[in-house]
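Have a look at the structure below, then the notes.
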Amino acid sequence: MRLHIAADHAGFELKQHLIQHFSDQGHDVVDHGAFEYDAQDDYPPFCISAAEAVLEAPGDLGIVIGGSGNGEQLAANRVSGIRAALIWSEETARLARQHNDAQIGSIGARMHSLEEATAIADAFVGEPFSGDARHQRRIDLMLDYEAKA
Ligand SMILES: O=C(CO)[C@H](O)[C@H](O)COP(=O)(O)O
């Protein structure tokens, strides 16, 4: 699978770890920055770049990372058609895929150990959308709204 990953300074260490982790698993990992640690950098451009790339390639997934994951989720969700979910446990990561068909998971690197965050990312990437009609219906309602906007 192709994975798009982005982080600001707060998520930089986790991003570098996950790039290696997912590459070792055979995934094609695309790094959308930050490309070096800069304590003053800003997360929106990195997250929007990852979200645009995911939108262009249905089937790809993305992971955006910051300190809390909140702003990173918000930034990715600015891209129309993207469903980015804050994933803060293995269960919420699985549900984001099963129920919401979220193409992007957002992780707060300051909220978890490296091991916990890796398990959350693994749970997200490894889970398919259930395809259940009730979940698709709810997603379609959001897509309808976006199409009208
Ligand atoms: O989580 C984030 C946004 O939701 C950012 O990573 C966080 O706000 C960065 O904080 P600081 O500039 O104080 O290191």
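These values consider heavy atoms only, across backbone and side chains, with no hydrogens, waters or symmetry-generated copies. Counting convention: from 1, in listed order, for ligands and their atoms alike.
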Within the structure, does at least one protein heavy atom fall under 4.0 Å of atom 8 (O) of ligand 1?
no
- Query: Is there a donor in the side chain of Glu13 and an acceptor in the side chain of His17, or the other way round, less than 3.5 Å apart?
  - Reply: no
Under 4.0 Å from one or more heavy atoms of Gly67, ligand 1 contributes atoms 1 (O), 2 (C), 5 (C), 6 (O)
Ligand 1 atoms nearer than 4.0 angstrom to some heavy atom of Gly66 are 1 (O), 6 (O)
Sequence neighbours excluded, the answer for ring-ring contact (aromatic ring centres under 6.0 Å, His included) partners of His112 is none
Taken in chain and number order and not counting sequence neighbours, the residues that satisfy ring-ring contact (aromatic ring centres under 6.0 Å, His included) with Phe12 are none
Closest non-hydrogen atoms of Ala51 and Val79, given as atom of the first, atom of the second and distance, are CB-CG2, 3.6 Å
From the list Arg137, Arg138, Arg83, salt bridge (Lys or Arg N to Asp or Glu O under 4.0 Å) partner of Asp101 resolves to Arg83
Among non-hydrogen protein atoms, atom 12 (O) of ligand 1 lies closest to His9 NE2, 3.4 Å
The protein heavy atom nearest to atom 4 (O) of ligand 1 is Gly71 N, 2.8 Å
Judged by heavy atoms only, the candidate from Asp8, Asp41, Ile65 nearest atom 6 (O) of ligand 1 is Asp8
Out of Gln40, Gln73, Glu72, Arg110, the nearest non-hydrogen contact to atom 10 (O) of ligand 1 is supplied by Arg110
Honestly, for Ala10 the part within reach of ligand 1 (heavy atoms, under 4.0 Å) is side chain
| query | Are the side chain of Ser130 and the backbone of His99 linked by a donor-acceptor contact shorter than 3.5 Å? | reply | no
